[in-house]
Amino acid sequence: MADRITVIGWDGTPLTEAAGAALAAATLVAGAPYQLNALPVPEAAERIILGNVRQAARRIAEHRGAAVVVAEGDPGFFGVVRTLRRPEYGLELEVLPAVSSVAAAFARAGMPWEDAQVVSVHGGRLRRAANICRAHPKVAVLTAPGAGPAELALMLRGVHRTFVVCEALGTPDEDVTVLTSDRIADHVWRDPNVVLVIGGGAQSSAVDEAAGWLAGRPVGYPGAERGWALPGDAYAGAGRTEGEPGAPEALPAHVRALVLARLGARPGDLVWSVGAGSGALAVEAARFGAAVVAVEDSRSACARLTVNARRYGVEVETVYGSGPEVLGGLPEPDAAVVESGGLDVVRAVLARRPERFVALPRTLAEAQEVHRAIAGAGYRADGALLQATPLRPVGEGDGLALGTGGTGVLVLWGEQIV
């Protein structure tokens, strides 16, 4: 193993005394080509291009002498330190960090960032990073070759955002460009870069209440009631189309709890809510950090959905329309729920292969057809009839009695068979 291993974070500014001394004494230096060319690497030192970090770590572990790894900004923040610290390499590190590229990017933009989400597209995570940008109003994206600003903007087509593209931060070639997302794909961007994706209507003055104590503010907090599967009256116009002829009743809270559990929504997911009504399910899925697209064929319900999303500080993309044809232009879902729409809509959603699927049929006959459709599409199908009877107080004492109501709700679900 190397006698001494120093990881130097470099942001383009002059090296500190400690970093300069470590580099001068190095017999092996690993870094990106532009770093190895720009820094005073000893002529006799072995140079390693830091492309595959695991290969570099194996070579460093075999080296006898003083090794230096040069990384961008703060190497402990989405950087090489995590890989170098893997137990199979047995490396002991001294880390000399600089300002992280994310901190530098927000500084260039003149924006605070304790309320921002930070994601990396490395490892094939471009789609999940795009879903984070759908769900949050302030995101820093650490890009990669082939998964940069243009590719990210294409994943977000139809979603209006402002991109702050920071190229070659800390170098003489540094450039900061601000464009709307529809213009990003028209440019060729240089690596490395950091992209700030800003916009959306969920952010409100309530966000300021979290400033100063909680970084990476959880979506839907603060300003939202504690918990989930909230009572129906927690949402404006709870139910699908109250007051309109033939309108179904609102989904009870205990039904929403089961649906949310079966959807398993999480950050980086995209959830479809088809026949979303006033959006109680859609909003609650978004509060788990998922990006949500809600499809509804009532304009008044769409308006109430927007109000509910704003109330709980989440992003929900609302699509007006009905039937399988409206689903064709939507991005691929990780999970989907069909609250209404019938068997044709169920089949159209299943054809897009979400990992998890939930449907709420209205009759037992419809439930049998939906169950066959779920199983026939290659899912592990299951379901339940949920029925709950509320309790009501009796007299002026503390007694309780069964209340009225308790209509059963059919819930079917499926998970992809791996």
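As a basis for the values below, the full set of heavy atoms in this structure was taken, side chains included, without hydrogen atoms, waters or symmetry mates. In what follows, residues are counted from 1 in the order of the sequence shown.
Residues R256 and Y235 approach most closely at NH1-CE1, 3.9 Å, considering heavy atoms. Across L142 and S101, no two heavy atoms sit closer than the pair CD2-OG, 3.7 Å. Nearest heavy-atom pair, A30 versus L50, reported as atom, atom and distance to 0.1 Å: CB-CD1, 4.1 Å. Summarising the geometry of L410 relative to L364, their closest heavy-atom pair is CD1-N, 3.8 Å, with the distance given to 0.1 Å. Taking all atoms of both residues into account, the shortest heavy-atom contact from A336 to V349 is CB-CG1, 3.5 Å. The two residues L179 and H187 come nearest to each other via the heavy atoms CD1-NE2, 3.5 Å.
For the pair D74 (side chain) and S100 (backbone), a donor-acceptor distance under 3.5 Å is absent. Judged by distance alone, with hydrogens and angles left aside, the side-chain atoms of D334 form a donor-acceptor pair with the main-chain N or O of L270 at under 3.5 Å. A donor-acceptor pair is defined here as one N or O able to donate and one able to accept, closer than 3.5 Å; such a pair exists between the side chain of R161 and the backbone of R134. Remark: side-chain polar atoms of R183 are not paired, donor with acceptor, to backbone N or O of T180 under 3.5 angstrom. A side-chain donor-acceptor contact under 3.5 Å links E284 to the backbone of A229. A donor-acceptor distance shorter than 3.5 angstrom exists from the side chain of E151 to the backbone of G148, with no hydrogens or angles considered. E415 contributes no side-chain N or O that, together with a main-chain N or O of F357, makes up a donor-acceptor pair within less than 3.5 Å. At distances below 3.5 Å, at least one donor-acceptor pair connects side-chain atoms of R356 with backbone N or O atoms of R262. Looking only at distances, no side-chain donor or acceptor of S181 sits under 3.5 Å from a matching main-chain atom of T162. S273 places no side-chain N or O within 3.5 Å of a backbone atom of A276 that could act as its donor or acceptor partner.
Heavy atoms of other residues, nucleotides or ligands lying less than 6.0 angstrom from CZ of R47 number more than 12. More than 12 heavy atoms of other residues, nucleotides or ligands sit less than 6.0 Å from atom CZ of R190. Within 6.0 Å of atom CZ in R125, 12 or fewer heavy atoms from other residues, nucleotides or ligands are found, so the atom counts as exposed in its surroundings. Heavy atoms of other residues, nucleotides or ligands lying less than 6.0 angstrom from CZ of R85 number 12 at most.
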Next item on the list: Dump the intermediate steps for side-chain contact (heavy atoms from CB on, under 4.5 Å) on S278 and N308, then the final yes or no.
Entry: CA-CA 8 Å; S278 297; N308 286 321; 4.0 Å; yes

Notebook entry, point to check: Would T6 and V69 count as a side-chain contact (heavy atoms from CB on, under 4.5 Å) if you check the C-alpha gap in whole Å, the side-chain angles of each, and the deciding distance to 0.1 Å?
Noted result: CA-CA 6 Å; T6 305; V69 178; over 6 Å; no

Margin query: Evaluate E369 against V346 for side-chain contact (heavy atoms from CB on, under 4.5 Å), listing each step before the verdict.
Written below: CA-CA 10 Å; E369 292 180 331; V346 166; over 6 Å; no

Margin query: Pair V99, W10 - check side-chain contact (heavy atoms from CB on, under 4.5 Å), show working.
Written below: CA-CA 8 Å; V99 175; W10 187 51; over 6 Å; no

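Taking OG1 of T306 as the reference point, atom CD of E317 lies at 11.0 Å (rounded to 0.5 Å). In this structure, M155 CE and R127 CZ are separated by 6.5 Å, a value rounded to the nearest 0.5 Å. To the nearest 0.5 Å, atoms CG (L305) and OG (S298) are separated by 10.5 Å. Put simply, CG on N193 and SG on C166 are 8.5 Å apart, with the number rounded to the nearest 0.5 Å. Note that the CD1 atom of I132 and the OG atom of S120 stand 12.0 Å from one another [nearest 0.5 Å].
The shortest side-chain heavy-atom distance between D382 and L412 does not fall under the 4.5 Å cut-off. In this structure the side chain of I49 reaches within 4.5 angstrom of the side chain of P33, judged on heavy atoms. Using a 4.5 Å heavy-atom cutoff, the side chains of L263 and W272 are not in contact. No side-chain heavy atom of L385 sits under 4.5 Å from any side-chain heavy atom of V409. At least one side-chain heavy atom of L251 sits under 4.5 Å from a side-chain heavy atom of E339. E72 is listed as a side-chain neighbour of Q35, based on a closest heavy-atom distance under 4.5 Å. At least one side-chain heavy atom of I60 sits less than 4.5 Å from a side-chain heavy atom of L28. In this structure, the side chains of R128 and V119 stay at 4.5 Å or more apart for every pair of heavy atoms.
Looking at D269 and R266, a side-chain N of the basic residue comes within less than 4.0 Å of a carboxylate O on the acidic one, giving a salt bridge. Salt bridge status for R352 with E332: present, with a side-chain N to carboxylate O gap under 4.0 Å. Using a 4.0 Å cut-off between charged side-chain N and carboxylate O, R108 and E174 make a salt bridge. Taking a cutoff of 4.0 Å between a charged side-chain nitrogen and a carboxylate oxygen, E94 and R4 do not qualify as a salt bridge. Comment: D115 engages K138 in a salt bridge, judged by a side-chain N to carboxylate O separation of less than 4.0 angstrom.
E296 and T318 are not linked by any side-chain donor-acceptor pair at a separation below 3.5 angstrom, with hydrogens and angles left out of the test. Remark: the T13 side chain and the D11 side chain contain an N/O donor-acceptor pair separated by less than 3.5 Å.
Stacking of R299 on the aromatic ring of Y320 is recorded, both the 6.0 Å distance cut-off and the 45° axial limit being met.
Under the 6.0 Å cut-off for aromatic ring centres, Y379 and W413 do not qualify, their centroids lying 6.0 Å or more apart.
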